[in-house]
Amino acid sequence: MTSKPDLLPALSQSPRDAGFIQAPWAFYDQARGAGPLFYWPEYGIPCTGDHALVGAVLRDRRFGREAPPGLRPDPPAHLAPFYAFEALSMLEREPPAHTRLRKLVMRAFTSRRIAGLGPDIAALSAELIAGFSGDSVDLLPAWCEKIPVVVICRLLGVPEEMADQLLVWSHDMVAMYQARRDRAVEDRAVAATLAFGAFLRGYIDHRRRAPRDDLLSALIAAEEAGDKLTPDELIATCILLLNAGHEATVHGLGNGVKAVLESRLPPPALFAHRAAETVEEILRFDPPLHLFTRYALTEAEIAGIRIPQGGQIGLLLGAAGRDPAMYREPQRFDPERGGPAHHALGAGIHFCVGAPLARLEMQVALRDLFTRLPTLRLESPPLYADRYHFRGLEALRVAV
């Protein structure tokens, strides 16, 4: 928690309020209207939903994901296993450790390898759609969740039959970053961390004996070649890639189907001719992650406000995507709008390493869905789940 700077307006809003969960946009408008920065008491930090300022802080090397030494309190004892792995995650580290880990991971996330997954994604989508039964289906478990987790399993080299278990572990772990977190959530996250880590430790040993052409084998080879990837860093990296490799894409697919169907634009035509633009508009219009935080690595001044070393600032990615200073009629879904790039996948050195994969999955899978089911329609308006600062649906029941 960062103390409220003098003269900074405070705007109170529970992230678990039912109205906010379904539509946070009015609060975001109010926040931007208060100035470039405001203080959010429920989180105890200054925040911004200004598109330009969000982008500037994401790229500002005075801010990072990792608190300066000595300025981040030790976690409670019951959470030690969870934070032990999180502390080794590439997402949570700054250079030089971040640079080393990201370089190793980027060896697998080449444009050639990602582009080669397109036919597999289309075939997987077609297989899942062929398995739909009845006049309606909940697309979240039947399609949105299946595609990203199977794809990341294949890329990483983890058995596909583990996909359902990986989903459970992942959901339990990422719940730690949601406003609904309580002791029960924490206990499930620790249990999932320990189980996930034990599985990976055993599977890594198996992969050492039988390497293949996958990311896990490449990371093992890097470790054995002396590239300073420790065994625990290897496990933490795998957990990050499996969690981040599908969690946001699930919500991107679900939010995208909802946005397209509610827009009343012709889905088959959108994805036949403007698939890339439509996916970018989905990510701007209804992104899967709404709040990202940064620590001040040194004392810094932002928009005239002093942030002390170790202080945090909240970046409202969802609000930035609907900033009227950058986008005309930002509340309207319009794949032809153009305009500046959104920040849904981050920016700067922590820009999402899996962004090309997420974009490809959304383009290919959504095109396949709307091509095979051109008369798809919502059975009822979907509701968003109590998961802030993630944004995803409780269910997505459609008539097929």
Side-chain angles (χ1 to χ4, degrees), residues 65 74-93 101 104-105 108 140-142 144-212 214-220 222-223 229-251 288-289 353-354 357 385-387 389-390 392:
R65 288 287 297 169
D74 293 332
H78 74 282
L79 292 177
F82 178 86
Y83 285 110
F85 275 111
E86 186 191 59
L88 298 175
S89 168
M90 174 177 65
L91 181 63
E92 302 298 328
R93 304 178 80 176
L101 292 171
L104 292 170
V105 172
L140 276 185
C144 299
E145 289 186 346
K146 300 288 187 185
I147 292 173
V149 72
V150 170
V151 169
I152 198 65
C153 281
R154 291 175 179 175
L155 182 64
L156 194 56
V158 173
E160 289 180 36
E161 56 267 28
M162 289 292 297
D164 290 342
Q165 180 60 71
L166 293 174
L167 278 172
V168 173
W169 286 334
S170 177
H171 290 330
D172 285 347
M173 293 178 73
V174 300
M176 286 286 285
Y177 310 108
Q178 298 169 17
R180 64 182 177 88
R181 171 177 164 178
D182 56 20
R183 180 58 188 260
V185 167
E186 292 176 347
D187 289 344
R188 286 195 296 270
V190 170
T193 302
L194 294 173
F196 208 164
F199 161 71
L200 284 171
R201 199 177 301 278
Y203 195 71
I204 287 168
D205 289 342
H206 167 72
R207 234 342 162 246
R208 288 186 198 278
R209 298 188 297 269
R212 297 181 183 175
D214 53 43
L215 177 52
L216 183 55
S217 297
L219 291 173
I220 291 170
E223 176 202 17
L229 184 68
T230 70
D232 281 349
E233 283 180 332
L234 176 56
I235 293 172
T237 299
C238 291
I239 289 176
L240 170 65
L241 293 175
L242 284 163
N243 287 351
H246 75 270
E247 195 74 33
T249 311
V250 170
H251 301 322
L289 179 66
V353 70
L357 176 60
D386 179 12
R387 294 196 185 101
H389 45 82
F390 295 98

Which word best sums up how the rings of Phe199 and Tyr203 line up, parallel for under 30°, tilted for 30 to 60°, or perpendicular for over 60°?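 Ring orientation, 0 to 90° scale: parallel.
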Taking all atoms of both residues into account, what is the closest heavy-atom pair of [X] and [Y], and its distance?
X: Asp172; Y: Ala192; answer: CB-CB, 3.8 Å
X: Ala77; Y: Pro81; answer: O-CD, 4.2 Å
X: Ala189; Y: Met176; answer: CB-CG, 3.3 Å

For residues 149-158, which residue pairs pass the side chain to side chain donor-acceptor pair (under 3.5 Å) check, not counting sequence neighbours?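 Checked against side chain to side chain donor-acceptor pair (under 3.5 Å) - neighbours excluded - the pairs reaching residues 149-158 are Arg154-Glu160.
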Set of residues satisfying salt bridge (charged side-chain N to carboxylate O under 4.0 Å, His left out) with respect to Arg212, sequence neighbours excluded: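 If we apply the salt bridge (charged side-chain N to carboxylate O under 4.0 Å, His left out) test to Arg212, skipping adjacent residues, there are no hits.
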Using the salt bridge (charged side-chain N to carboxylate O under 4.0 Å, His left out) criterion, which residues pair with Arg93? Sequence neighbours excluded.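 With sequence neighbours excluded, Arg93 shows a salt bridge (charged side-chain N to carboxylate O under 4.0 Å, His left out) to Glu233, given in chain and number order.
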For [X], all residues meeting side-chain contact (heavy atoms from CB on, under 4.5 Å), sequence neighbours excluded:
X: Ala244; answer: Leu240
X: Ser170; answer: Val174, Asn243, His246, Glu247
X: Ala184; answer: Asp182, Arg188
X: Asp232; answer: Leu88, Arg201, Thr230, Ile235

Using a 4.5 Å cut-off on heavy atoms from C-beta on, say whether the side chain of Ile239 contacts that of Ser89.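 In short, these two side chains do not touch, never coming nearer than 4.5 Å.
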Roughly how far, to the nearest 0.5 Å, is CZ of Arg65 from CE of Met90?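 Interatomic distance, Met90 CE to Arg65 CZ, rounded to 0.5 Å: 11.5 Å.
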Could you list the residues that satisfy side-chain hydrogen bond (donor to acceptor under 3.5 Å, both in side chains) with [X], not counting sequence neighbours?
X: Arg183; result: Asp187
X: Gln165; result: none
X: Asp386; result: Arg16
X: Glu86; result: Tyr177

Derivation of the side chain to side chain contact (heavy atoms under 4.5 Å, CB included) call for Leu219 and Ile204: CA-CA 10 Å; Leu219 291 173; Ile204 287 168; over 6 Å; no
Between Asp214 and Leu156, is the side chain to side chain contact (heavy atoms under 4.5 Å, CB included) condition met? List the steps. CA-CA 6 Å; Asp214 53 43; Leu156 194 56; over 6 Å; no
Tyr83: what forms a ring-ring contact (aromatic ring centres under 6.0 Å, His included) with it, not counting sequence neighbours?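 So Tyr83 forms no ring-ring contact (aromatic ring centres under 6.0 Å, His included) with any residue.
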Which is it for Phe196 and Leu242 under the side chain to side chain contact (heavy atoms under 4.5 Å, CB included) test, yes or no, and what are the steps along the way? CA-CA 10 Å; Phe196 208 164; Leu242 284 163; 3.4 Å; yes
